[in-house]
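This report refers to the structure that appears directly beneath it.
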Amino acid sequence: KAGVTQTPRYLIKTRGQQVTLSCSPISGHRSVSWYQQTPGQGLQFLFEYFSETQRNKGNFPGRFSGRQFSNSRSEMNVSTLELGDSALYLCASSLARTSGGEQETQYFGPGTRLLVL
Amino acid sequence: KQEVTQIPAALSVPEGENLVLNCSFTDSAIYNLQWFRQDPGKGLTSLLLIQSSQREQTSGRLNASLDKSSGRSTLYIAASQPGDSATYLCAVRGGKLIFGQGTELSVKP
């Protein structure tokens with residue numbers, strides 16, 4: 001069974017631009033979560049989508065948004081990029097919702113490394 | 001606000017040693033605690049998940065314990081190998097998954 005895939009793997013953008021990252025979950029998984037990883041802040045939760053609805057959200061500005069499609073694939077968008085948005089963006093999938101406390105293991109993709117110049 | 005702390009931040013040991021990684025959290029109202037491994041430039045691999053009602057979980061040479069009342073978890077790695085070199089992250093779930101900063105482990109041949 002294929003794992004979680006993320007595209008693109010690497011991306012270079014300039015301040016003020018916008019970017020869209022894509023995540024394809026493991027087949028059959030309906031929950032997709034997004035995380036940002038930086039050397040200073042570590043891994044931080046962005047949001048979780050389940051059945052095309054955002055179920056939980058972290059403490060990030062409105063520039064960060066996402067969506068999930070009927071096939072469970074998810075996209076994350078960052079508008080008006082700032083230098084501080086440079087990070088590794090990780091996507092994780094699981095069979096069911098995780099924000100409700102269900103005992104679900106999340107499976108992580110390899111990440112998209114975004115560099116903002 | 002939940003805070004997760006991992007000590008030490010980095011650890012270097014010779015091959016074959018048994019070692020313990022520590023994780024502490026401030027809010028005991030958690031659903032579960034997970035340990036992950038991250039190789040450089042890669043995503044996370046789930047190692048062990050301990051439910052809030054459990055005290056420990058084992059997988060091969062790995063054993064993780066959970067003491068909710070004291071807000072602590074340990075990851076025990078037996079007979080360490082160079083292939084165990086990676087960053088180990090613990091994360092607690094109470095709605096959101098909150099991660100510690102990780103322990104960077106280096107096992108020397």
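So that the names make sense, note that chain A is the first sequence line, chain B the second, and so on, each numbered from 1. Because the structure is predicted, anything quoted here is derived from the model rather than measured.
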ask   = What are the two closest heavy atoms between Ser52(B) and Leu66(B), and how far apart are they?
value =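 Residues Ser52(B) and Leu66(B), closest heavy atoms: CA-CD2, 4.2 Å.
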Should we count [atom1] of [X] as having more than 12 external heavy atoms under 6.0 Å?
X         : atom1 : answer
Tyr107(A) : OH    : no
Arg61(B)  : CZ    : yes
Glu104(B) : CD    : no

task = Counting only heavy atoms closer than 4.5 Å, note whether Gln37(A) contacts chain B via side chain, backbone, both or neither.
result =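 When you check distances to chain B, only side chain atoms of Gln37(A) fall under 4.5 Å.
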task = Against chain B, label Leu43(A) side chain, backbone, both or neither, depending on which of its atoms sit under 4.5 Å from a heavy atom there.
result =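 Both backbone and side chain.
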message = For Phe36(B) and Phe108(A), I'd like to know if the aromatic rings sit close, meaning centre-to-centre distance below 6.0 Å.
response =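 Judged by ring-centre distance (under 6.0 Å), Phe36(B) and Phe108(A) do meet the cut-off.
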message = Please confirm whether the ring centroid of Phe99(B) lies under 6.0 Å from the ring centroid of Tyr35(A).
response =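 Between Tyr35(A) and Phe99(B), which both carry aromatic rings, the centre distance is below 6.0 Å.
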query = So what's closer than 4.5 Å to chain A heavy atoms on Ile30(B): side chain, backbone, both or neither?
reply =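 For Ile30(B), neither part sits under 4.5 Å from chain A.
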query = Given the rule that I, L, V, M, F, W and Y join up when any side-chain heavy atoms are under 4.5 Å apart, are Leu90(A) and Leu11(A) in one cluster?
reply =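 Not linked; separate clusters.
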ask   = Are Leu114(A) and Phe47(A) in one and the same hydrophobic cluster, where Ile, Leu, Val, Met, Phe, Trp and Tyr link if side-chain heavy atoms are under 4.5 Å apart?
value =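 Both belong to a single hydrophobic cluster.
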Per-residue contacts, residues 63-87 of chain A versus chain B, heavy atoms under 4.5 Å =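 Checking residues 63-87 of chain A against chain B gives no residue, so none.
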inquiry  = Working note: Ser106(B) + Ser85(B), criterion side chain to side chain donor-acceptor pair (under 3.5 Å); need CA distance, chi angles, decisive distance, verdict.
reply    = CA-CA 5 Å; Ser106(B) 176; Ser85(B) 298; 4.6 Å; no
task = Return the option, out of Arg9(A), Gln41(A), Arg113(A), with the maximum number of heavy-atom pairs under 4.5 Å with chain B.
result =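 Sorted descending by pairs with chain B, the first entry is Gln41(A).
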request  = Could you please state which residues from residues 40-48 of chain B sit under 4.5 angstrom from chain A, measuring non-hydrogen atom to non-hydrogen atom, sorted by number, or 'none'?
outcome  =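 Within residues 40-48 of chain B, near chain A: Gly41(B), Lys42(B), Gly43(B), Leu44(B), Ser46(B).
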task = Just jot down the salt bridge (charged side-chain N to carboxylate O under 4.0 Å, His left out) partners of Asp67(B), sequence neighbours excluded, or say none.
result =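 For Asp67(B) there are no salt bridge (charged side-chain N to carboxylate O under 4.0 Å, His left out) partners, ignoring immediate neighbours.
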Got a list of side-chain donor-acceptor pairs under 3.5 Å for residues 19-28 of chain B, not counting sequence neighbours?
from	atom 1	to	atom 2	distance (Å)
Thr26(B)	OG1	Gln2(B)	OE1	3.4
Thr26(B)	OG1	Glu3(B)	N	3.0
Asp27(B)	OD1	Ala29(B)	N	3.0

